[in-house]
Amino acid sequence: MKPYEIKNMIIDDEFDGEETVTADFTHNNKEYSITFNKADLEIINTWVFEDGSSLPSNLSDTIIDSIREDIKKRI
């Protein structure tokens with residue numbers, strides 16, 4: 001079983017002239033959002049949502065790589 005669950009995924013064709021993919025997911029009972037450049041799936045930003053605020057998150061390379069692979073399969 002994966003250590004996260006993707007809840008939502010958005011492909012945005014109009015973000016600052018670049019296509020992006022944003023995945024919202026849960027991991028360790030917290031809500032996260034990660035945005036990739038669609039062309040090469042390089043990270044643009046990652047956020048964790050806690051106590052009504054969004055803060056930059058520090059996700060492990062393992063989690064990021066696994067999410068990246070899931071996104072490749074979905075797009």
Side-chain angles (χ1 to χ4, degrees):
M1 184 172 184
K2 295 180 183 176
Y4 63 88
E5 180 182 357
I6 294 177
K7 299 287 189 175
N8 189 33
M9 192 173 93
I10 300 168
I11 298 173
D12 187 353
D13 297 334
E14 300 297 325
F15 177 74
D16 202 24
E18 295 181 4
E19 291 183 323
T20 61
V21 178
T22 300
D24 299 327
F25 63 98
T26 56
H27 172 60
N28 290 336
N29 298 317
K30 292 183 181 179
E31 299 289 325
Y32 290 86
S33 180
I34 186 168
T35 302
F36 295 96
N37 181 318
K38 185 180 175 193
D40 57 9
L41 293 180
E42 288 299 315
I43 296 173
I44 294 174
N45 60 47
T46 59
W47 300 97
V48 60
F49 302 100
E50 296 181 307
D51 302 322
S53 297
S54 58
L55 304 167
S57 69
N58 188 16
L59 295 166
S60 73
D61 289 341
T62 304
I63 294 290
I64 292 170
D65 289 341
S66 184
I67 291 170
R68 186 179 281 127
E69 289 302 314
D70 277 354
I71 288 173
K72 279 182 189 178
K73 292 174 186 173
R74 294 178 187 210
I75 59 175

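The shortest distance between side-chain heavy atoms of Asp70 and Met9 does not fall below 4.5 Å. Between Thr20 and Lys38, the closest side-chain pair of non-hydrogen atoms is not below 4.5 Å.
The shortest non-hydrogen separation linking Glu42 to Arg68 is CA-NH2, 4.4 Å. Residues Ile71 and Ala23 share a closest heavy-atom pair of CD1-CB, 4.0 Å. Closest of all the heavy-atom pairs between Phe36 and Leu41 is CD2-O, 3.1 Å.
Taking CD of Glu18 as the start and CG of Asp40 as the end, the distance is 8.5 Å to the nearest 0.5 Å. To the nearest 0.5 Å, the span separating CD1 on Ile10 from OG on Ser33 amounts to 8.0 Å. With values rounded to the nearest 0.5 angstrom, Glu5 atom CD is found 5.0 Å from Thr26 atom OG1. To the nearest 0.5 Å, atoms CD1 (Ile43) and CG (Asn37) are separated by 11.5 Å. We find the CD-CD1 distance between Glu19 and Ile11 to be 8.0 Å, quoted to the nearest 0.5 Å. A distance of 10.5 Å separates OG in Ser66 from NE2 in His27, rounded to the nearest 0.5 Å.
In the hydrophobic clustering of ILVMFWY residues, with side-chain heavy atoms under 4.5 Å counting as a link, Ile6 and Ile44 come out apart. Hydrophobic clustering of Ile, Leu, Val, Met, Phe, Trp and Tyr side chains at less than 4.5 Å, counting indirect connections, unites Tyr32 with Leu55. Using a 4.5 Å cut-off between side-chain heavy atoms of Ile, Leu, Val, Met, Phe, Trp and Tyr, with links allowed through other members, Trp47 and Ile34 fall into different hydrophobic clusters.
Judged by distance alone, with hydrogens and angles left aside, the side-chain atoms of Thr35 form no donor-acceptor pair with the main-chain N or O of Asn45 at under 3.5 Å.
Ring geometry for Tyr4 against Phe25 counts as perpendicular: the plane angle is over 60°, on a 0 to 90° scale with 30° as the lower cut.
In Asn8, the CG atom is crowded: over 12 heavy atoms of neighbouring residues, nucleotides or ligands sit closer than 6.0 Å.
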